[in-house]
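Beneath this line is the structure, given in structure tokens, with notes to follow.
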Amino acid sequence: MEEYEPRTIESKWQRRWEEAKLYRTEADEDSESFYIIFAYPGISGFLHLGHMRCYSYTDFIARYKKMRGYNVLFPAGAHPTGNQVISLAKRVREDDPDIIAYLKANGATDEDILFLDNPDGIIEYFSRSYIKEWKNFGIQINWDHFTYTSREDYSKFIQWQFRKLKEKDLLTQKPYYAPVCKNCGPVAVDPSETDLSKGGNAEIQEYTLLKFKFGNRYITAATLRPETVYGQTNLWVSPEEDYAVVEVAGEEWIMSEAAAQKLLYQMDDVEVTDHIKGEEMIGEKATAPMIHRDIPILPADFTDPDVGSGIVTSVPSDAPYDWIALKELKDNHGLLEKYGLEDIVKDVEPIEIIESEGFGTNPAESIIKEMGITSQNEVEKLEEATQKIYRAGFHKGKMLDISGEYTGMPVQEAKDNIKDDMLDSGEADMFYDLSEEVICRCGTDVVMGKIPDQWFIRYSDEELTEKSKAHAKKMNIKPETYANTLPDTLEWFQDRSCARLGNWIGTRFPMDKRWIIEAIADSTLYPAYYIIAKHYNDDKFQADQMTVEFFDFVYLGKGEISQVSESTGIDIEVLEKVRNDFLYWYPLDINLGGKEHMTVHFPVFLMNHVSILKEEHWPRGILVNWYLTMTGGKISKSKGGAEPIPDVADRFGIDTLRLYYAHSASPFVDKEWDEKEAFTYRKRLGFMWRLINRIKSADGGGSSVDDFLESRFNRLLEKAFSFMDDHEIRKAANVVFYDIPAELEWYFKRGGENSALLDRLGETLIKLTAPFTPHMADELGEMWDIEYVTEEQIPEVRQEAISDAAEGREEYLRSVLDDIRNILSIADVEGDTIHIYVTPSWKKEVLKKALTETEKGMGLMAVLSKELDVPPKKLSGFLRSVLEDIKKNRAAAVSAMALDEMKILQEDKSFIEREFEAEVNVHLASEDVYDPANRKDKAAPGKPAIYIE
RNA sequence: GCGGGGGUAGCCAAGCAUGGCCAAAGGCGAUAGACUCAAGAUCUAUUCCCAUAGGGGUCCGAGGGUUCAAAUCCCUUCCCCCGCACCA
């Protein structure tokens with residue numbers, strides 16, 4: 001037997017598979033199709049072990065389905081849409097040392113890097129790198145279908161898709177607020193975003209900008225709690241601050257300079273025309289919105305020009321900051337005197353507006369007392385207090401009777417109503433801001449900007465939502481929890497912006513060429529495109545021939561083939577072939593992707609199918625996989641932290657890594673990468689290698705253990721199939737790599753050597769391993785003269801071989817061994833001779849009666865005592881324990897009945913002797929035999945008495 | 001905030017839907033032994049506590065409850081984690 005050398009085997013088989021083009025599959029009406037994809041990767045860096053988990057799962061399922069008789073289509077592509085590619089190229093161009101180091105660490109040469117200073121170079125280099133990595137992992141993708149989203153042909157497909165959405169009235173334009181860099185344009189605010197140098201965790205705040213009439217001008221105050229307007233008592237202004245006066249649509253608004261600068265990006269025709277010192281407003285009054293009451297303007301130093309408008313409306317009843325500031329102001333006589341505020345301030349008192357559970361009607365005051373806050377300098381405590389009150393108020397609060405038409409309304413509801421009313425009456429406007437400072441890579445601030453005519457896909461559409469929900473319920477979605485939540489996700493899924501202005505990679509919006517379709521929107525229907533991509537790759541037609549009529553025909557069956565052929569210049573036969581391929585492969589059986597897709601990609605994937613394709617082409621299944629993590633959190637392509645794959649692959653071998661993915665955790669939990677653990681899988685494969693060789697070298701005939709092995713093997717085979725069909729990858733791998741081998745080991749231990757049987761089961765076993773560890777399977781298959789195990793079918797379960805009786809015998813032996821071992825471990829004996837006493841027949845009689853007439857309970861005693869010649873005391877004692885056992889485990893009692901224990905023990909006596917290196921004597925307990933310790937009375941059906949000396 | 005998922009023995013991780021073969025699979029680690037006497041190798045056994053005869057005790061985040069019987073069902077409570085739209 002040769003040693004297991006994974007790397008040699010793996011390169012050998014990968015080469016052969018490639019040469020034989022085993023990945024290739026064609027539509028074939030005679031066999032059932034199975035179409036599976038994984039969510040293609042965006043191009044933003046090298047693949048790492050985290051990605052490979054997802055691709056490996058896809059491959060396990062694809063290979064398994066293939067080996068179960070399906071005709072499988074498993075294509076792949078890449079997704080360069082967006083600006084990641086552009087920013088990567090830019091960083092290379094700028095010789096960013098981090099990026100250069102990252103590229104080199106992953107095997108890029110200096111020459112490669114020269115090539116990577118432009119987006120096209122990046123796309124080409126990385127898509128090649130991805131393909132190489134997939135091949136290296138033995139992932140059997142059908143390369144004929146490969147495509148990526150920046151190709152001309154792909155764009156034709158996307159444009160068609162958007163025309164269809166437009167036709168169905170699912171596109172709309174409306175204003176939108178999104179983060180923009182003042183210099184570079186739109187950016188994403190996200191912790192993993194490489195285009196930011198600061199502030200990835202910032203959240204978008206939606207303020208209501210309240211307008212207070214102040215002479216001819218308006219003072220503005222931004223609030224997150226518009227429902228508290230009824231409790232306004234005053235405004236807080238910083239005396240030292242130099243506020244800007246901004247002209248907006250013929251009005252003059254007062255706000256901090258910083259706020260004014262932000263406003264420039266959110267409203268049209270905004271201009272700073274003047275400035276006003278905070279001091280000048282102190283002591284004056286302004287008319288508050290909604291309540292139309294004049295409230296005083298008071299000095300405060302906690303206002304921050306960078307937050308909101310830099311001016312705060314004060315609601316001391318519900319805002320701890322306001323409450324404590326007001327209190328401190330009242331006590332600060334020096335300050336009051338300075339501005340002449342004594343008379344004004346003494347009348348300012350909190351106004352109760354909301355009643356919330358646990359805090360009463362004056363929540364700010366009660367929480368401040370509760371938390372012992374004494375000064376506005378206790379910022380942390382005040383923040384916490386504010387949060388607590390907000391939560392209590394928002395969820396459980398009710399508006400008090402001061403709030404006019406909103407009286408009694410839950411806060412949750414009142415909030416939006418009050419806001420909308422003020423927006424309608426022009427007393428307020430919207431103002432967007434980021435919760436913390438965000439800086440672009442270029443060093444410029446990121447602010448919230450308005451896009452007045454943003455394109456949206458109308459996912460809120462009721463009909464679309466309902467149809468999608470109904471279909472989602474019919475789909476095969478794993479895990480179960482996601483199947484349950486997807487309909488809800490579809491329900492709250494709102495309109496989604498689908499295009500953006502600026503220089504991005506992607507498809508031009510067909511109705512308005514200024515826009516580029518963004519990355520989520522151009523990757524929803526693409527499984528349908530892979531089918532066409534193959535024919536485009538074969539040069540059957542050019543991109544400019546891919547017209548609306550072409551796609552309508554292929555996907556929707558619209559139009560006359562001859563006419564379509566004429567208008568597009570594509571051969572009729574080609575059109576027919578493409579259309580038939582689509583009909584054959586579609587619908588998609590499984591879309592497999594990471595958990596990050598649950599609330600983003602999968603919903604739109606489904607809804608676009610529902611909105612555009614016919615019902616029979618809507619997807620059948622979704623499978624979600626969780627992450628492979630590394631200490632320090634999620635692995636990120638762009639941020640590194642992951643060991644380059646080639647190094648890991650060399651050390652462990654690909655099959656080891658594949659088995660690691662398959663077995664170390666369920667697909668539906670995050671898994672921490674653990675090298676030591678990976679090594680144990682390397683050892684496991686060594687074990688499998690030797691086991692299969694051992695199987696092949698068997699040269700014996702039949703024995704009593706054969707039926708057991710055959711039965712157990714088929715039972716486990718059935719289990720493996722059912723786990724695979726359920727996408728319970730880990731459980732299936734456990735059966736194949738652990739449970740079945742354990743039974744084979746027992747078989748050998750018991751002296752099984754049936755070469756015919758082992759040959760057959762061994763062949764099935766390597767086929768079972770093939771979806772997981774295909775290289776090893778093919779190598780081992782050579783012993784069976786199989787050209788490609790991975791191209792074979794896994795045999796069906798032989799139901800007729802499954803037998804409780806055959807397995808019962810071995811179970812019984814195992815339990816006898818366990819008992820002997822147990823006794824040996826606690827008893828102080830030599831262990832040279834083992835006496836085994838088999839149950840007397842009357843005990844079997846009792847068990848039999850008890851099993852058939854359990855309900856009679858102890859009433860059986862009378863019957864049995866007549867039938868059996870056994871002392872009543874012994875009989876009742878045994879009967880009681882038998883009834884107990886049956887109650888606990890009826891099945892075990894039944895199988896104990898079926899055993900011919902005497903026969904089994906006598907036949908397998910030598911086996912027990914070998915195991916314990918002892919002499920074994922088997923007795924019948926009912927006979928007068930050697931029994932110095934008086935054990936034989938303990939013998940019961942299925943559990944012989946044992947005496948060791 | 002909205003939505004979701006968890007807490008099981010030294011660690012990882014099954015089980016929980018359909019309560020009873022559950023002291024609780026499997027793996028890792030650890031211990032002992034075998035073999036080699038080099039190995040992250042391989043094999044065997046042990047690994048909650050007590051026990052010189054196959055037994056007993058305690059246990060599945062915490063606290064209650066239902067039941068003849070609960071890791072599994074119900075209630076309360078504490079603690080962790082994850083996703084959330086121009087990031088793919």
Side-chain angles (χ1 to χ4, degrees), chain A residues 39-44 79-84 176 178-179 186-195 200 203 387 390-391 394-395 412 451 454 459 479-482 484-485 488-489 492-500 504 516-521 523 593-601 603-604 626-627 634 636-638 663-666 668-672 674 676-677 679-684 686-687 690 730-731 734 737-739 742 745 815-816 818-829 885 887-893 895 915 933 935 938 943-948:
Chain A
Y40 51 23
I43 293 184
S44 58
H79 189 204
T81 308
N83 74 335
Q84 302 245 45
Y176 184 61
V187 288
V189 174
D190 183 271
S192 69
E193 180 55 58
T194 45
D195 283 344
E203 284 175 42
Q387 286 288 326
Y390 177 71
R391 259 178 237 148
F394 183 75
H395 287 290
Q412 218 164 337
I451 303 150
Q454 173 70 50
Y459 289 120
E480 201 80 16
T481 50
Y482 185 54
N484 295 334
T485 55
D488 294 339
T489 306
W492 64 250
F493 211 92
Q494 294 302 303
D495 295 350
R496 196 179 196 288
S497 65
C498 60
R500 46 197 184 184
W504 309 82
I516 304 275
I517 292 162
E518 65 82 46
I520 304 294
S523 55
K595 64 176 174 179
E596 74 276 24
H597 294 111
M598 290 195 292
T599 46
V600 185
H601 166 66
V604 296
W626 266 237
Y627 297 140
K634 181 176 161 180
S636 149
K637 261 189 286 194
S638 37
H663 188 260
S664 69
S666 139
F668 316 126
V669 294
D670 285 333
K671 171 68 195 173
E672 176 114 7
D674 181 348
K676 275 193 170 166
E677 207 182 336
F679 191 78
T680 67
Y681 287 104
R682 169 71 180 73
K683 287 196 284 186
R684 191 74 205 174
F687 165 85
R690 288 188 301 275
R730 179 195 149 89
K731 293 179 180 176
N734 195 254
F737 290 89
Y738 292 89
D739 294 345
E745 291 217 289
S815 80
V816 172
D818 280 350
D819 279 349
I820 296 173
R821 205 165 274 136
N822 195 351
I823 293 165
L824 282 170
S825 74
I826 50 177
D828 186 18
V829 291
D885 288 348
K887 200 159 139 191
K888 265 177 130 176
N889 186 357
R890 197 179 176 89
S895 63
E915 277 298 297
R935 299 271 169 221
K938 296 186 78 166
K943 195 168 171 64
I946 294 163
Y947 173 65
I948 304 174

Quote, to the nearest angstrom, the [atom1] distance that separates [N] from [M].
N	M	atom1	result
B:A24	B:U72	C1'	12 Å
B:G5	B:C59	P	29 Å
B:U8	B:C16	C1'	11 Å
B:A62	B:G6	C1'	16 Å
B:C37	B:G55	C1'	41 Å

5′-ward residue of the pair A:Cys498/A:Met598 relative to RNA chain B: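 Of the two residues, A:Met598 wins.
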For A:Phe493 and A:Ile823, find the nucleotide of RNA chain B closest to each by heavy atoms; which residue's nucleotide sits nearer the 5' end?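 Going by which nucleotide is closer to the 5' end, it is A:Ile823.
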With sugar-phosphate meaning primed atoms plus P, OP1 and OP2, does [X] contact a base, only sugar-phosphate, or nothing at under 4.0 Å between heavy atoms?
X	result
A:Ala933	nothing
A:Pro479	nothing
A:Ala178	nothing
A:Ser666	sugar-phosphate
A:Ile820	nothing
A:Glu480	nothing
A:Asn822	sugar-phosphate

Going 5' to 3' through nucleotides 25-46 of chain B, assign each nucleotide B (protein heavy atom under 4.0 Å from a base atom), S (under 4.0 Å only from sugar-phosphate atoms) or - (no protein heavy atom that close). BSSS-----------BSSS-S-
With sequence neighbours excluded, tell me which residues meet side-chain hydrogen bond (donor to acceptor under 3.5 Å, both in side chains) with A:Glu677.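 Scan of A:Glu677 (side-chain hydrogen bond (donor to acceptor under 3.5 Å, both in side chains), adjacent residues dropped) gives A:Lys671.
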Would you indicate which nucleotide in [options] comes nearest to any side-chain atom of [X]?
X	options	result
A:Lys671	B:G83, B:C12, B:A85	B:C12
A:Lys943	B:G54, B:C84, B:G5	B:G54
A:Thr485	B:A53, B:G54, B:G4	B:G4

With a 4.5 Å cut-off on side-chain heavy atoms, are [Y] and [X] touching?
X	Y	answer
A:Met598	A:Tyr482	yes
A:Gln84	A:His79	no
A:Pro603	A:Trp492	no

Shortest non-hydrogen contact from A:Pro944 to A:Val816?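 Of all heavy-atom pairs spanning A:Pro944 and A:Val816, the closest is CG-CG2, 3.9 Å.
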Test side chain to side chain contact (heavy atoms under 4.5 Å, CB included) applied to A:Tyr738 - qualifying residues, sequence neighbours left out: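 In terms of side chain to side chain contact (heavy atoms under 4.5 Å, CB included), with neighbours along the sequence ignored, A:Tyr738 is linked to A:His663, A:Tyr681, A:Arg684, A:Asn734.
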Take atom NE2 of A:His601 and atom C1' of B:A88, then tell me their distance rounded to the nearest Å.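 Nearest whole value for this atom pair: 10 Å.
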